[in-house]
Number of protein chains: 4
Amino acid sequence: MKQKKPKYRQIIDAAVIVIAENGYHQAQVSKIAKQAGVADGTIYLYFKNKEDILVSLFQEKMGIFIEKIEEEIELKSSAAEKLYSLIEKHFSLLAEDHHLAIVTQLELRQSNKELRLRINEVLKGYLNVVDKIVTAGQETGEFREDLELRLARQMIFGTIDETVTTWVMNDQKYDLPSQAKKVHDLFVYGFKHLEK
Amino acid sequence: MKQKKPKYRQIIDAAVIVIAENGYHQAQVSKIAKQAGVADGTIYLYFKNKEDILVSLFQEKMGIFIEKIEEEIELKSSAAEKLYSLIEKHFSLLAEDHHLAIVTQLELRQSNKELRLRINEVLKGYLNVVDKIVTAGQETGEFREDLELRLARQMIFGTIDETVTTWVMNDQKYDLPSQAKKVHDLFVYGFKHLEK
Amino acid sequence: MKQKKPKYRQIIDAAVIVIAENGYHQAQVSKIAKQAGVADGTIYLYFKNKEDILVSLFQEKMGIFIEKIEEEIELKSSAAEKLYSLIEKHFSLLAEDHHLAIVTQLELRQSNKELRLRINEVLKGYLNVVDKIVTAGQETGEFREDLELRLARQMIFGTIDETVTTWVMNDQKYDLPSQAKKVHDLFVYGFKHLEK
Amino acid sequence: MKQKKPKYRQIIDAAVIVIAENGYHQAQVSKIAKQAGVADGTIYLYFKNKEDILVSLFQEKMGIFIEKIEEEIELKSSAAEKLYSLIEKHFSLLAEDHHLAIVTQLELRQSNKELRLRINEVLKGYLNVVDKIVTAGQETGEFREDLELRLARQMIFGTIDETVTTWVMNDQKYDLPSQAKKVHDLFVYGFKHLEK
DNA sequence: GATGAATGAGTGTTCATTCAT
DNA sequence: AATGAATGAACACTCATTCAT
């Protein structure tokens, strides 16, 4: 089967809209069902439970997210360029989808610990991409060899994430993608070999 | 007894323990009361409602947190040293209080939007400290003048926060304070004047 | 089954029984649900909240009450006869339904001001019937023209209500409908033209 | 002891004010204590419990009420005149004390069954006065001998009470004592001997 | 007598999930 | 496959009353 059942995506898209517009705690299953144009019970033919909707939502959206970022990265040769593409694409993909930005940066974080652990599993795919860029940079000599992978990863993800969250909390007032260059600069200065 | 409001602190400390051990959504008022050794109703003599316990908890703990960091910073003269003290103290204060680390990094983030907005207000005090260090560094010429304050702030807070969260999610297995030096290096390389 | 909204009436009837047997303040929603043979949550599919159950109960029962009285009255031609039918039917309808009598005369009066205001709205339908009889009596010359409508209404309702309440408080020991004649006499003597 | 402790009356007067201004269900003991200018615990030195405050309030106020009515009645010789004095005094005493009118007509009726039973005990004193007037009227021949005492009592009390309640519910907009004459007329026409 | 801090029992309502149709 | 009526567990908060001071 090439295509998931249309209702599957229909429900996930409804969930993004309902959560973005009502907030996590006001996103009842019945509201999602209504937005999707199906009966409450129908939800349970496609998802095990409510948590499964949210995890699936994250997997689905993050899967596309990572795919698009990887496509972009493959076009670049240097690690620094790859890193720039990652930041720029991350910013522009969320700037293009206001609802998704709200859901991933604010609403889904209110989920309970268990759900967040499963979301973290999905996030690992993203962090792997980051890791590959850093490791590649070290192999080609672009980045310091004594740069700790975990630390670099935490800085890249932490900074990007905080930057997007601040932007969402400020009601997405300013242009996010245009911040990519400056963020990128901050990273690579710290990653390069120390010059005597 | 000299203690000012023994019950007030008693209840806040109980809340930290109950939330850390049971999770945000399993931290019922009655559980907090029991842990504090008072009746349910007594809680409401010191706090307006459940949300008020959590906001007060954050204010109280974060207030002490900021105070201690500021004390440490004042002893240093250069911006780079101040920044190091901030990171090191941030890490060590949370490493010393495992329960508090769990509560601030994982559990309190599950609170609803309104509560998080009030928590963000408290956080501004911390971010102000960060801002002052960066601005001072620019005035003394330690840091680049074209460094954007907001970006620097997002990188510092985002990286520190992500580093602590990763550490908590890994069950606080490794030593956090010893990471301070490497994190600090990453920051200052990006903040310094570009060398030709 | 032909019944329109079986559960709706089922719940209202259960409420009458529970309130009559336990008293207003001991009539918890869960008790009403149990008596009705439904789950607690089911109540809220048919009623907005607990107050809505009580207002609906009063509307439903008082609606039938007024309907039956109006049917009876239409069969009579003179105002005096209509008034007699009103009294007699009022008494007999409550004498037939001991539970309802307790609920309307004793228990529902303990409701808060807001609820009683809404109950008074419903009562206006009854008072309108009274008004129509008095006015008709004045038009046909049976009753004095200088009889004040509001006063007559207060005397009729006040006396009937007090008579029923006394009867309920005396545990409905004596026969209520047989009092109708004497009550009626008291009214019409006061309503008639003064004889010189 | 000629005079009850001043605090006893102080608390009762505070209760009347608090209940009239806040409603029965918002008249907490602590609010009454504050209004009376005493500590919560002090209330319990003068009253067994909250219910006791309300019963005492009713006894105290109704006692004065009955006393004053009896004084007025004694000045009259005929039963009809006595009845008129009763009505007029009842109306004017409540018209003079707006707070008390609200408390007796609206708020105290929200009390639970047990409290109302005890209030009814107090009311009996009032009803005895009514009974004496009616009986005296029958003995002197003013009123019909076949007039049933209970019925006459119910009509007199029911009508007066309903009249006052309507007036309170209409925010005491019109003059109540001036209604006494018309109410009195309605009664005596029904009480007199039938004229052929 | 007077205080007021502390107590703890009690309940309306929501909403994820099920299952007969 | 699709429906949607029915379910029932779970919890923050109030306030009359007590009692050590």
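The model shown is predicted, which means the values in this text are computed figures rather than measured ones.
Taking atom CZ on A/F47 and atom P on E/dT18, their separation rounds to 16 Å, with Å as the unit. Taking atom CD1 on C/I43 and atom P on E/dC15, their separation rounds to 18 Å, with Å as the unit. Straight-line distance from the CG atom of B/L45 to the C1' atom of F/dC15: 11 Å, rounded to whole Å. For the pair C/K31 NZ and E/dG10 P, the computed distance is 11 Å after rounding to whole Å. As a whole-Å value, the separation of C/Q28 CD from E/dT13 P is 13 Å. Rounded to an integer number of Å, the gap from B/N49 CG to F/dT14 P is 9 Å. D/D40 has its CG atom 17 Å from the P atom of E/dG1, to the nearest Å. The CG atom of A/L54 sits 10 Å away from the P atom of E/dA16 (whole-angstrom rounding).
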Using Watson-Crick and G-U wobble pairs whose two distances are both under 3.5 Å, how do you write the pairing of DNA chain F as dot-bracket, with | for links to another strand?
.||||||||||||||||||||
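Taking side-chain N and O atoms only, A/K50 has no distance below 4.0 Å to OP1 or OP2 of E/dT17. Contact annotation: D/K7 reaches the phosphate of E/dA2 (side-chain N/O to OP1 or OP2, under 4.0 Å). D/Y44 has no side-chain polar atom (N or O) that falls below the 4.0 Å cut-off from OP1 or OP2 of F/dC19. Contact between the side-chain N/O atoms of C/T42 and the OP1/OP2 oxygens of F/dT7 is found at a separation under 4.0 Å. Applying the 4.0 Å criterion to OP1 and OP2 of E/dA6, one finds that B/Y46 has a side-chain N or O inside that range.
Each of C/D97, C/D13, C/T104 was evaluated against C/K61; a single residue qualifies, C/D13, per the side-chain hydrogen bond (donor to acceptor under 3.5 Å, both in side chains) test.
Between B/H25 and A/G41, the one whose closest nucleotide on DNA chain F sits nearer the 5' end is A/G41.
Under the 4.0 Å criterion applied to side-chain N and carboxylate O atoms, A/E121 and A/K124 are assigned as salt-bridge partners.
Note on B/V29: only backbone sugar-phosphate atoms sit closer than 4.0 angstrom, heavy atoms only; bases stay farther off.
Using modelled atom types, no side-chain atom of A/Q35 and backbone atom of A/V18 make a donor-acceptor pair closer than 3.5 Å.
Under the ring pair (Phe, Tyr, Trp, His ring centres under 6.0 Å) criterion, C/F47 pairs with C/Y8, not counting sequence neighbours.
Under 3.5 Å, the side chains of C/K31 and C/Q28 contain a donor-acceptor pair of N or O atoms.
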Evaluate the criterion side-chain contact (heavy atoms from CB on, under 4.5 Å) for residue pair C/R116 and D/Q110; output intermediate values, then yes/no.
CA-CA 10 Å; C/R116 270 180 312 145; D/Q110 298 174 54; 2.8 Å; yes
Could you walk me through whether A/L54 and A/Y24 pass the side-chain contact (heavy atoms from CB on, under 4.5 Å) test, one step at a time?
CA-CA 10 Å; A/L54 303 175; A/Y24 180 80; 3.5 Å; yes
